[in-house]
Amino acid sequence: MSDFEELNEQDRALAQRLRAQLLASEELDYVTQAKLASARARAVAAAGATAAPRNAGWWAASGLTAAAVLAAVLVLRTPHPVPATADTLELLTDDVDPEFYQDLDMYQWLADSGAGSA
Amino acid sequence: MPPASTSNDLNAFLAGVERRALRRAELATRDRDEALDLVQDAMLRLARAYGSRPASEWPALFHRILVNRIRDWQRSQKLRRRIFFWMGDQTAEDTDEDPIGNLADPQGSDGAGELQGAQLAARLEQALLQLPARQRETFELRIWEGLSVEDTAAAMGCSAGSVKTHLSRALEALRASTGEELT
């Protein structure tokens, strides 16, 4: 690693002296060491956090599939509404005053009791 | 296929490179807090993007990230100084402080031998600051970090031949600027 084989003898000796000098200057105070340790812990945690979604992705896919199957079952088992008949459509589209249909029960009662003919 | 890397591997790798990375960033920024931010950012980027890659790939990747982050920081600082200059505030141009004065005392002791060692280190760091950026990066990665020529080239995004050329010129300049004390 520090052989510096690509250098000639003179440069290699210089490189090794400079490297030794720089390595000797790497001592850090405790506060800075603590900050570095904290940064390192955050990075290691971040690596774990980015690995987690791979497993979470499988769980999410499984959940979505199960939800889709459940929704299909519920739809198939629910009774479908009866299609509107021609009579119903005629009631909705004719020109009769809507209040007539609201009072239909009263007209029926009048017809049954004969009051309408009185 | 290389074995999958674990959190313990990543922790051990980062613990092994963090001090030197901080010193290099500090040398480039002349500011410990800025240097800490850069190193922390490089650690996070490595962990998020390459944490699951084989540990053998981490050295070149980490130093590539750090080199790029330092270059980005230097570009942003240069742009900031220009903007201040255009706005008529020349204080930013005038605040170039003595880089040696900003460097932390690496020894933290007043022993005569240690003081001499600290002075030598400061002198060497001053000489490094005078190098062109590419030569300094090459020297830091190949000599200080001890990366192989190939990993240095990968970290810098250049060829192995360029690494050798930059390194040869860097050593020549350092020999001339540090005098007999270090050579």
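All values reported here derive from a predicted model rather than from experimental measurement. Residue numbers start from 1 in every chain, and the chains themselves are labelled A, B, ... in the order their sequence lines are given, proteins ahead of strands.
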Check: A:R40/B:Q40 side-chain N/O donor and acceptor closer than 3.5 Å
no
Nearest 0.5 angstrom please: A:R17 CZ to B:R175 CZ, how far?
8.5 Å
So how far is it from B:E172 CD to A:Q10 CD, rounded to the nearest 0.5 Å?
10.0 Å
By a 4.5 Å heavy-atom criterion (distance strictly below it), what part of [X] contacts chain A: side chain, backbone, both, or neither?
| X | result |
| --- | --- |
| B:D37 | neither |
| B:L36 | side chain |
| B:F139 | side chain |
| B:A21 | neither |

Side-chain heavy atoms nearer than 4.5 Å, only ILVMFWY residues, links allowed to pass through others: does that put [X] and [Y] together?
| X | Y | value |
| --- | --- | --- |
| B:V163 | B:I143 | no |
| A:F4 | B:W144 | yes |
| B:V149 | B:L167 | no |
| A:L7 | B:L131 | yes |
| A:L28 | B:M43 | yes |

Within a strict 4.5 Å, meaning less than it, do heavy atoms of the A:L22 and B:L128 side chains meet?
yes
Of A:N8, A:L23, A:D29, the largest count of non-hydrogen pairs under 4.5 angstrom with chain B goes to A:L23
side-chain contact (heavy atoms from CB on, under 4.5 Å) between B:R142 and A:E6, intermediate numbers included
CA-CA 11 Å; B:R142 178 71 183 108; A:E6 77 275 22; 2.7 Å; yes
Quick one: of B:R45, B:K164, B:R19, who has the most non-hydrogen atom pairs under 4.5 Å with chain A?
B:R19
B:A15, B:A170, B:S168: which one forms the most heavy-atom pairs within less than 4.5 Å of chain A?
B:A15
Given side-chain contact (heavy atoms from CB on, under 4.5 Å), test B:L171 with A:L18 step by step and report yes or no.
CA-CA 10 Å; B:L171 288 171; A:L18 295 177; 4.2 Å; yes
What are the two closest heavy atoms between B:R32 and A:T32, and how far apart are they?
NH1-OG1, 3.1 Å
For B:L10 versus A:A43, what's the shortest heavy-atom pair and its separation?
CD2-O, 4.3 Å
Determine, stepwise, if the pair B:L22 / A:K35 fulfils side-chain contact (heavy atoms from CB on, under 4.5 Å).
CA-CA 11 Å; B:L22 180 69; A:K35 287 179 179 175; over 6 Å; no
Flag, side chain of B:R23 to backbone of A:S25, donor-acceptor distance under 3.5 Å:
yes
